[in-house]
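Notes to accompany the following structure.
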Protein chains: 2
Amino acid sequence: MAQTAAKKPSRIQLRNRRRIMDAALEVFSQHGYRGATLDQIAEGAGMSKPNLIYYFDGKEAIHVALLNALMTEWLAPLQDMNPGGEPLDEILTYVRRKMEMSRLYPRESRLFANEILQGAPRMGPHLVSGLKPLFDEKAALIGRWMEDGRLAKSDPQQLILSIWAITQHYADFDAQIRALIPDEAAGWDAANAHVERIFRELLTAN
Amino acid sequence: MAQTAAKKPSRIQLRNRRRIMDAALEVFSQHGYRGATLDQIAEGAGMSKPNLIYYFDGKEAIHVALLNALMTEWLAPLQDMNPGGEPLDEILTYVRRKMEMSRLYPRESRLFANEILQGAPRMGPHLVSGLKPLFDEKAALIGRWMEDGRLAKSDPQQLILSIWAITQHYADFDAQIRALIPDEAAGWDAANAHVERIFRELLTAN
DNA sequence: TCGTACCTTTACCAAATGGTAAAAAACACG
DNA sequence: CGTGTTTTTTACCATTTGGTAAAGGTACGA
């Protein structure tokens, strides 16, 4: 049972698992859970299907492993929002980092979007146990900043949602955006400027 | 060939096609294209699978029919943005109508999101031929309003994108939102207020 | 009421898909 | 080397799934 991994993982194991996760991210993010096939993932990972199964208990196990790994990295920018910092800076920095993630890691964003779109069937608990505490903590922090008059008042929870909505949109709806704005040149610059402007105006309203 | 529909569709045909589209919307929006099965749709429509195929040429034909129907209704609010109206009102009305659509027709929003997420494989042409002209027209309109000093200046294309991002997020990421903000009571009121505030601040910035 | 066109069901099918069994190959290491 | 363990391959399999063939019902105008 390579999966239980109570022992030390061998070099080969490490390499192949990484390959699998990589290929799986590609396939799952592009086709969704049910649209992805083990054959596609196996081909992407450069190994046979039974060999996949040797490293992961099955299709669902791969997907869950991906989501788990994703969750951790994904939350870092929010986690880094510093209660001791300058409120506007902290939030705009968060916004910028989210934009950067959408630009650099669109597959991860789409994997997540796919899962949520379908009702988070393999992630519901994770949302509540992993994301919600952080969400509540940071919403409370922002709320305090607003109370202290360091930011224009608005609904902190809604604020976070709208940051997610706008920033992730650039990754998730990339196909649409490219169809509507074919000019790729200043694409990300215009997007970054606009998004920053939105939240700056909102948070510094008189 | 019931599908070519060069004749008058009978009562039964009308009724059954509507049933199928309804069931298909439910299934496709929840599971994505490949995750949906004809059996599920057939069951939802209350008929046998071969009977489905009698009314539509196949799985893909149903999906395409859905997307086509969706496109038309979906564009109405943007189409209604009136060049003769008061700019801020026109845009905020558009925002409100989009929020209303997310609240009332989340399945349609998710169907669309699913298709875009996967690269718009069955919709690419439609985006360019149907959506892009309208997008360009309205972006130009908003641009003129800004030039005339009737709205705070920003990037009109990005503005429209951000309206879509935020409003559709409430439908597409509903599962996440409900996990994070279980209090359903003032959910839509808070969302509506926040979203309106965002765009009001942006468009009336000094 | 009869015929015809429309609608529905029953019985299938080929391909795809997630997964298994077991033998063969590669490897680690004393 | 030789031997026990890890990794990979080959050959399958049961189920699911999109779709078809063809016969049986049903509505409805003449």
Side-chain angles (χ1 to χ4, degrees), chain A residues 1-28 30-67 114 118 121-122, chain B residues 1-28 30-67 114 118 121-122:
Chain A
M1 278 170 238
Q3 300 79 4
T4 49
K7 313 258 180 75
K8 47 182 177 179
S10 77
R11 229 161 300 123
I12 295 180
Q13 244 172 65
L14 243 42
R15 174 176 57 87
N16 281 349
R17 287 217 202 179
R18 242 212 353 262
R19 277 190 189 175
I20 293 172
M21 298 275 279
D22 236 48
L25 173 60
E26 182 73 26
V27 176
F28 278 129
Q30 194 158 35
H31 303 288
Y33 180 75
R34 292 207 53 189
T37 71
L38 289 183
D39 293 282
Q40 283 175 293
I41 298 173
E43 195 193 326
M47 65 183 69
S48 67
K49 187 168 54 172
N51 209 2
L52 263 198
I53 301 296
Y54 174 76
Y55 286 103
F56 286 89
D57 271 338
K59 188 182 183 181
E60 186 156 351
I62 302 177
H63 194 249
V64 168
L66 263 183
L67 288 174
N114 253 310
Q118 309 189 355
R122 276 164 285 278
Chain B
M1 277 170 235
Q3 300 79 5
T4 50
K7 314 259 179 75
K8 47 182 176 178
S10 77
R11 228 164 304 125
I12 294 180
Q13 242 174 69
L14 243 43
R15 174 175 56 86
N16 281 349
R17 286 216 202 180
R18 242 208 357 257
R19 276 190 191 176
I20 293 172
M21 297 276 278
D22 236 49
L25 174 59
E26 182 73 27
V27 177
F28 278 129
Q30 195 158 34
H31 303 289
Y33 180 75
R34 291 205 54 189
T37 71
L38 289 184
D39 293 282
Q40 283 174 293
I41 298 174
E43 195 193 326
M47 65 184 69
S48 67
K49 188 168 54 174
N51 209 3
L52 262 197
I53 302 296
Y54 174 77
Y55 286 103
F56 287 88
D57 271 340
K59 188 182 182 180
E60 185 156 351
I62 301 177
H63 194 249
V64 168
L66 263 183
L67 288 175
N114 253 310
Q118 309 190 354
R122 276 164 286 279

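Per chain, numbering begins at 1; letters A, B, ... match sequence-line order. Remember, it's a predicted structure, so these values are computed and weren't measured experimentally.
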Query raised in the report: Shortest non-hydrogen contact from A:Ala65 to A:Phe56?
Result: CB-CE2, 3.9 Å

Query raised in the report: Between A:His31 and B:Gln118, which heavy-atom pair has the shortest distance, and what is it?
Result: O-NE2, 3.5 Å

Report task. Using whole Å, report how far CG of B:Leu14 lies from P of C:dC7. Result -> 11 Å

Query raised in the report: For C:dT17, does OP1 or OP2 lie under 4.0 Å from any side-chain N or O of B:Arg34?
Result: yes

Requested in this report: Starting at atom CZ of A:Phe56, determine the distance to atom P of D:dT7, rounded to an integer number of angstrom.
Outcome: 13 Å

Query raised in the report: Quick one: A:Met47 CE to D:dT6 C1', roughly how many Å, whole number?
Result: 14 Å

Requested in this report: Looking at every strand, decide which applies to A:Ala61 at a 4.0 Å heavy-atom threshold: base, sugar-phosphate, or nothing.
Outcome: nothing

Query raised in the report: OP1 or OP2 of D:dT6 sitting under 4.0 Å from any side-chain N/O of A:Gln13?
Result: no

Query raised in the report: Rounded to the nearest Å, what distance is computed from the CD atom of residue B:Gln40 to the P atom of nucleotide D:dT16?
Result: 12 Å

Query raised in the report: Between atom CD1 in A:Ile41 and atom P in C:dT17, what is the gap in whole Å?
Result: 12 Å

Query raised in the report: If you take all heavy atoms of B:Gly44 and B:Ala23, which pair is closest and at what distance?
Result: C-CB, 3.6 Å

Report summary line: From CG of A:Leu52 across to P of D:dT10 the rounded distance in Å is 15 Å

Requested in this report: Classify the nucleic acid contact of A:Ala42 as base, sugar-phosphate or nothing, counting any heavy atom under 4.0 Å across all strands shown.
Outcome: nothing

Requested in this report: Using only heavy-atom distances, decide whether a donor-acceptor pair under 3.5 angstrom links the side-chain of A:Lys49 to the base of C:dG18.
Outcome: yes

Requested in this report: Calculate the interatomic distance between B:Arg15 atom CZ and D:dT26 atom C1'; express it in whole Å.
Outcome: 12 Å

Requested in this report: For B:Gly46 and for A:Pro50, locate the closest nucleotide of DNA chain C by heavy-atom distance; then report the residue assigned to the nucleotide nearer the 5' terminus.
Outcome: B:Gly46

Query raised in the report: For D:dT8, does OP1 or OP2 lie under 4.0 Å from any side-chain N or O of A:Asn16?
Result: yes

Requested in this report: Please tell me which of the listed nucleotides, D:dT17, C:dC7, D:dG19, lies nearest to the side chain of B:Tyr55?
Outcome: C:dC7

Query - Rounded interatomic separation in angstrom, taking NZ from B:Lys59 and P from D:dG18 - result: 4 Å

Query raised in the report: Given D:dG19, is OP1 or OP2 found less than 4.0 Å from the side-chain N or O atoms of B:Tyr54?
Result: no

Report task. For A:Ser48, answer base if it contacts any base atom (sugar-phosphate contacts may also be present), sugar-phosphate if it contacts only those atoms, and nothing otherwise; contact means non-hydrogen atoms under 4.0 Å. Result -> base

Query raised in the report: Regarding A:Lys59 and the six-membered ring of A:Phe28, is the cationic atom NZ or CZ under 6.0 Å from the ring centre and inside 45° of its axis?
Result: no

Query - Candidates C:dC7, C:dG19, D:dT17 - which lies nearest the side chain of A:Leu38 - result: C:dG19

Query raised in the report: What's the shortest heavy-atom distance between A:Leu38 and A:Ile53, and which atoms?
Result: CD1-CD1, 3.9 Å

